[in-house]
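So you know, we letter chains A, B, ... as the sequences are listed, proteins then strands, and number each from 1.
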There are 2 protein chains.
Amino acid sequence: MRMASKSTSNDLAARKPNLREAILCAAEELFATNGFNAVSVRDIAQAAGANPGSVTYHFKTKDGLLLEIYNRHCGPMNRRRCELLAAARRVRDLQDRLEAIVRAYVLPAFSSGSDLAGGGARFTRLRAVMSAEGNEVARRIIAQTFDDTSHAFIDAIHESLPHIPRAEIVWRSHFLLGALYYTLVTPERVARLSRGSADGADAGNAIEQLARASVASFQAPPLDPSAPSRRRSMTQNKT
Amino acid sequence: MRMASKSTSNDLAARKPNLREAILCAAEELFATNGFNAVSVRDIAQAAGANPGSVTYHFKTKDGLLLEIYNRHCGPMNRRRCELLAAARRVRDLQDRLEAIVRAYVLPAFSSGSDLAGGGARFTRLRAVMSAEGNEVARRIIAQTFDDTSHAFIDAIHESLPHIPRAEIVWRSHFLLGALYYTLVTPERVARLSRGSADGADAGNAIEQLARASVASFQAPPLDPSAPSRRRSMTQNKT
DNA sequence: TCCTCATTTGTACAAATGTACAAAACTTTA
DNA sequence: TAAAGTTTTGTACATTTGTACAAATGAGGA
């Protein structure tokens with residue numbers, strides 16, 4: 001099969017700036033801002049200054065291109081997260097540790113730890129968009145690649161907040177990821193609603209704000225202090 | 001122009017269950033789960049048990065269909081939110097008031113206040129997906145329709161937490177909306193990560209969890225207790 | 001130099017897309 | 001019932017889509 005040629009050229013591709021790289025980068029950008037289906041192979045080729053045929057040559061299919069983008073980023077980002085998580089776990093003070101854990105989760109999502117310059121935020125935005133679109137390729141990889149790490153983070157947070165049921169920590173970490181995604185997807189909304197006094201695209205500030213808010217949300221008293229199963233409360237929704 | 005016939009039949013359409021209604025409903029469902037571009041007019045027609053031509057007849061274009069979905073929901077949801085907000089503002093205790101405001105924001109997003117059964121969550125999910133896809137039609141309507149309400153909520157929250165700079169409240173309400181969106185987009189992730197002990201699709205529980213977490217996040221001490229402009233801190237991101 | 005291989009190009013094609021429109025079917029009004 | 005209206009259908013059409021493939025181009029080793 002022709003994959004042989006692909007894998008041998010893989011190392012070379014990392015070294016010299018190919019069309020292959022340009023295509024990957026352009027596709028990442030376009031997918032992240034417009035979604036998977038709104039972007040055609042021709043759009044990508046044009047943005048990369050390449051021929052449509054080259055896309056097929058390097059990645060076989062459009063799905064293959066998306067897959068390659070994921071493979072390119074998932075490893076480094078997960079590794080970075082795990083490193084930071086390991087360091088955070090060694091923090092003695094429980095409050096400080098919680099904050100360190102949250103930062104370990106958030107930071108790699110904004111700035112990639114690998115050589116890919118500034119790709120972290122772009123890739124995270126891509127993930128946000130793919131998850132919103134319910135993209136099947138993305139769903140499979142994400143569940144395989146990130147669930148272990150997510151569990152590790154949830155467990156670490158649980159250790160620093162033992163009195164809160166694990167299920168509630170899951171909820172809150174889910175909210176954290178949603179907030180993170182949404183900030184990367186529509187940063188201009190923050191600027192608009194704050195009437196210009198905050199810049200949603202300022203990654204540094206976004207991280208600080210998100211960390212502060214998330215730590216507080218994790219520390220909130222549990223809804224259900226004892227049982228692990230859910231209990232209804234004063235909800236008056238009429239669904 | 002032929003819009004005259006449309007507006008006269010509008011009232012009738014609301015009364016008897018037309019193809020028009022079926023198409024709207026099917027489109028909403030499909031757009032909300034697959035995104036705008038992944039769904040073809042033919043898909044919608046088939047799901048509604050209608051002919052592709054009927055879609056063109058009633059809504060002229062695919063964009064027109066999306067527009068109609070928004071027009072259908074925005075009014076009622078905003079009205080409901082404002083009612084609940086007005087009630088929340090009358091709560092004396094500041095802590096209770098904050099919680100009431102947050103619920104006033106969240107509740108209508110899960111269950112529509114109008115006659116459209118259970119459409120609230122569906123429509124909110126649709127908005128989440130459209131915002132992720134960067135859909136232009138949606139972006140315009142959303143900014144026009146929801147920004148006033150968003151400002152009203154932000155101001156109300158600010159009143160109940162006067163020591164926190166408004167910009168930080170904007171950040172945190174942004175996070176709230178992101179968390180809300182993400183919960184509606186991928187509820188199964190909550191079930192998976194909690195190993196079945198929480199159900200992300202349970203709207204009642206989601207509301208409780210989200211309210212609890214958000215209230216705590218709003219109450220967090222501000223990053224910058226004095227100046228309204230942002231200050232950098234220990235961020236080590238390398239963008 | 002020529003040969004070999006990887007890459008890039010240009011073009012082709014079937015399938016799917018949004019939309020248009022005439023004819024048919026159904027409703028309402030007189 | 002007949003006429004006038006609205007709604008639904010069926011089909012057609014120009015574009016755009018993802019992908020395939022032969023030819024052209026380039027680079028490296030003998």
Between A:Ser217 and B:Gln209, does the side-chain contact (heavy atoms from CB on, under 4.5 Å) criterion hold? Intermediate values first, please. CA-CA 10 Å; A:Ser217 116; B:Gln209 296 288 349; over 6 Å; no
Rounded to whole Å, how long is the line connecting atom CD of A:Glu21 with atom C1' of C:dT7? 15 Å
Show me the protein contacts with nucleotides 16-18 of chain C, counting only N or O atoms at under 3.5 Å.
residue: C:dG18; atom: OP1; partner: B:Lys62; partner atom: NZ; Å: 2.8
residue: C:dG18; atom: OP2; partner: B:Val41; partner atom: N; Å: 2.9
residue: C:dG18; atom: N7; partner: B:Arg42; partner atom: NH1; Å: 2.9
residue: C:dG18; atom: O6; partner: B:Arg42; partner atom: NH2; Å: 2.9

Report yes if at least one side-chain N or O of B:Asn51 is closer than 4.0 Å to OP1 or OP2 of D:dT8; otherwise report no. no
Hey, would you say the A:Tyr181 and B:Tyr181 ring centroids sit under 6.0 Å apart? no
So is B:Arg127 actually on top of B:Phe146's ring, under 6.0 Å and inside 45° of the axis? yes
With respect to the side chain of B:Ser54, which nucleotide from C:dT9, C:dT7, D:dT9 is positioned closest? D:dT9
Pairwise 5' ranking along DNA chain C for B:Gly53 and A:Gly53, keeping only the more 5' one: A:Gly53
Ring centroid separation for B:Phe123 and B:Tyr70, is it under 6.0 angstrom? yes
Should B:Tyr57 be listed as having a side-chain N or O under 4.0 Å from OP1 or OP2 of D:dT8? no
Side chain to side chain contact (heavy atoms under 4.5 Å, CB included) partner of A:Met130, chosen from A:Ile69, A:Asn135, A:Val137: A:Asn135
Salt-bridged, A:Glu133 to A:Arg139, with N to O below 4.0 Å? no
Check whether any side-chain N or O of B:His58 sits under 4.0 Å from OP1 or OP2 of D:dT8, and answer yes or no. yes
